[in-house]
Amino acid sequence: MNPARPAFVPDASATREEMESLQREVAAVATWADEFDFDPAAVGPLRDSGSGGDSRQATLSPGSPSAESSLPLVAGVDQAFLDDRAVSVVVVRRGGTVIERAHTVTDLEIPYIPGLLAFREGGPILAAFAELTCDPDLVVFDGSGRIHYRQAGLATHIGVTLDIPSVGVAKGLLCGTPEADVDGRPEGWRTPILADDDVENAEPGERIGHALQSRQYDSRPIVNPIYVSPGHRVAVDTATDLVERLCDGYKLPEPTRLADAYADEVKRDVASGG
DNA sequence: GCGACAG
DNA sequence: ATCTTGTCGC
């Protein structure tokens with residue numbers, strides 16, 4: 001894995017003012033335009049809503065491992081907690097194959113504070129990335145990117161620190177305003193999240209992410225949407241397109257689900273042994 | 001003072 | 001995030 005850019009590494013011992021100041025620097029160097037080499041259509045399956053069959057692979061015919069070698073490496077990041085320690089994991093896939101997993105167990109320094117998540121979890125996550133030997137083309141984070149008071153959420157902060165394309169996927173909305181009412185929408189539906197007065201350095205009404213109804217049931221609308229925003233080197237629309245491709249019939253993208261499961265597994269091992 | 005608030 | 005059993009449905 002490429003080394004972190006030291007200037008942006010989140011320091012949990014910083015003062016609140018220093019943390020917010022660093023976030024403004026992160027936001028200033030982040031780019032929210034597509035800046036990556038891979039083909040977005042190659043990150044995962046997306047049912048073609050049009051004609052016919054059961055074709056779930058966008059670029060691969062099932063059972064042709066050789067074609068996978070050209071697919072981008074997509075990583076999922078997640079954490080589990082045990083007392084005052086964080087289990088941080090990175091799971092990397094190429095196509096449908098997990099090619100590497102890394103994890104670390106780290107002491108937590110500060111509590112969770114909305115808007116400062118990267119200072120609680122960023123260090124542990126970077127430690128896990130340091131264990132990684134491959135270089136992912138895209139990283140999917142559990143949390144916000146641009147949808148953040150200073151447009152420097154976890155996905156943006158770590159994306160900038162590692163200078164790697166990243167997207168944030170949150171189960172709840174931190175700030176900003178959905179353009180349309182989000183309740184009871186059909187699967188596949190999306191609406192932009194607009195910057196409001198809570199978002200710094202953004203024109204009010206600027207699109208900073210999407211609410212995406214990644215999963216819905218026919219009968220009762222009981223599923224909440226997810227909130228997708230660019231981390232770094234990905235545009236708003238592209239971030240949501242990518243996440244939609246990665247969801248594959250579930251509410252959360254596959255990289256996140258794999259990372260979540262692996263984090264639980266490591267946590268279980270740590271809890272019962274060394 | 002009131003309400004909101006990723007993981 | 002975490003503490004937690006069963007349960008309804010495809």
Side-chain angles (χ1 to χ4, degrees), chain A residues 10 12 16 19-20 23 26-27 30 76-90 103 105-126 128 139-159 166-178 182 187 193-200 208-212 214-232 239-240 243 248-253 255-257 259-268 270-271:
Chain A
R16 182 174 190 128
M19 291 179 179
E20 296 182 352
Q23 290 183 329
V26 165
V77 174
D78 195 27
Q79 292 183 290
F81 300 92
L82 205 52
D83 298 316
D84 264 22
R85 289 177 301 176
V87 174
S88 308
V89 311
V90 184
H103 75 271
V105 181
T106 315
D107 291 319
L108 291 165
E109 320 249 336
I110 62 171
Y112 165 67
I113 301 168
L116 298 178
L117 180 64
F119 291 88
R120 171 175 167 83
E121 302 188 350
I125 289 171
L126 289 172
V139 184
V140 180
F141 286 94
D142 231 29
S144 291
R146 275 188 79 178
I147 298 180
H148 179 273
Y149 307 120
R150 289 163 291 281
Q151 297 194 77
L154 180 70
T156 301
H157 202 136
I158 304 304
S166 64
V167 299
V169 177
K171 300 178 206 67
L173 184 59
L174 177 61
C175 60
T177 308
V182 155
E187 198 166 301
I193 302 301
L194 277 22
D196 55 25
D197 294 331
D198 292 337
V199 182
E200 286 186 15
I208 58 176
H210 284 102
L212 173 67
S214 52
R215 177 81 202 265
Q216 191 57 280
Y217 300 113
D218 298 319
S219 53
R220 278 171 301 186
I222 56 176
V223 183
N224 297 317
I226 57 178
Y227 297 89
V228 182
S229 57
H232 180 46
T240 304
V243 169
D248 192 27
Y250 294 90
K251 172 172 176 171
L252 295 175
T256 300
R257 301 180 65 245
D260 185 69
Y262 184 47
D264 282 345
E265 179 186 328
V266 174
K267 173 182 174 176
R268 183 175 54 70
V270 171

Check whether any side-chain N or O of [X] sits under 3.5 Å from a backbone N or O of [Y] as a donor-acceptor pair, and report yes or no.
X	Y	answer
A:Glu187	A:Gln216	yes
A:Thr156	A:Gly231	yes
A:Ser166	A:Ala155	yes
A:His157	A:Gly122	no

Practice task
For A:Tyr227 and A:His210, run side chain to side chain donor-acceptor pair (under 3.5 Å): C-alpha distance rounded to whole Å, both residues' side-chain angles, the deciding distance at 0.1 Å, then the answer.
Solution key: CA-CA 6 Å; A:Tyr227 297 89; A:His210 284 102; over 6 Å; no

Output yes when at least one side-chain N/O atom of [X] is less than 4.0 Å from OP1 or OP2 of [N], else no.
X	N	answer
A:Tyr227	B:dA6	no
A:Lys171	B:dG7	yes
A:Lys267	C:dA1	no

Just how far, in rounded Å, is [atom2] of [N] from [atom1] of [X]?
X	N	atom1	atom2	answer
A:Ile110	C:dA1	CD1	C1'	14 Å
A:Asp142	C:dT2	CG	C1'	14 Å
A:His148	B:dA6	NE2	C1'	8 Å
A:Gln23	B:dA6	CD	P	14 Å
A:Arg120	B:dA6	CZ	C1'	12 Å
A:Arg85	C:dT2	CZ	C1'	15 Å
A:Gln79	C:dT2	CD	C1'	14 Å
A:Ile226	B:dA6	CD1	P	16 Å

Problem - Face-to-face stacking of A:Phe81 with C:dA1, centres under 5.5 angstrom, angle under 30° - result: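 Ring-base stacking flag not set for A:Phe81 and C:dA1.
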
Problem - Within-4.5 Å side-chain heavy-atom neighbours: A:Leu252 and A:Lys171 - result: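 When only atoms from C-beta onward are counted, A:Lys171 and A:Leu252 do touch, with a gap below 4.5 Å.
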
Practice task
Establish, yes or no, whether the cationic atom of A:Arg120 lies under 6.0 Å from the six-membered ring centre of A:Phe81 and within 45° of the ring axis.
Solution key: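 Yes, cation above the ring, under 6.0 Å and within 45°.
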
Sugar-phosphate only, base, or nothing, as touched by [X] at under 4.0 Å among non-hydrogen atoms:
X	result
A:Ala80	sugar-phosphate
A:Leu116	base
A:Gly172	sugar-phosphate
A:Ile147	nothing
A:Gly115	base
A:Tyr149	base

Fill in the blank from the handout: Output field dot_bracket for DNA chain C (Watson-Crick or G-U, both distances under 3.5 Å, | for other-strand pairs) contains ..........

Handout entry: Partners passing side-chain hydrogen bond (donor to acceptor under 3.5 Å, both in side chains) against A:Arg16 (at least two apart in sequence or in another chain)
Key =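 side-chain hydrogen bond (donor to acceptor under 3.5 Å, both in side chains) list for A:Arg16, sorted by chain: A:Glu20.
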
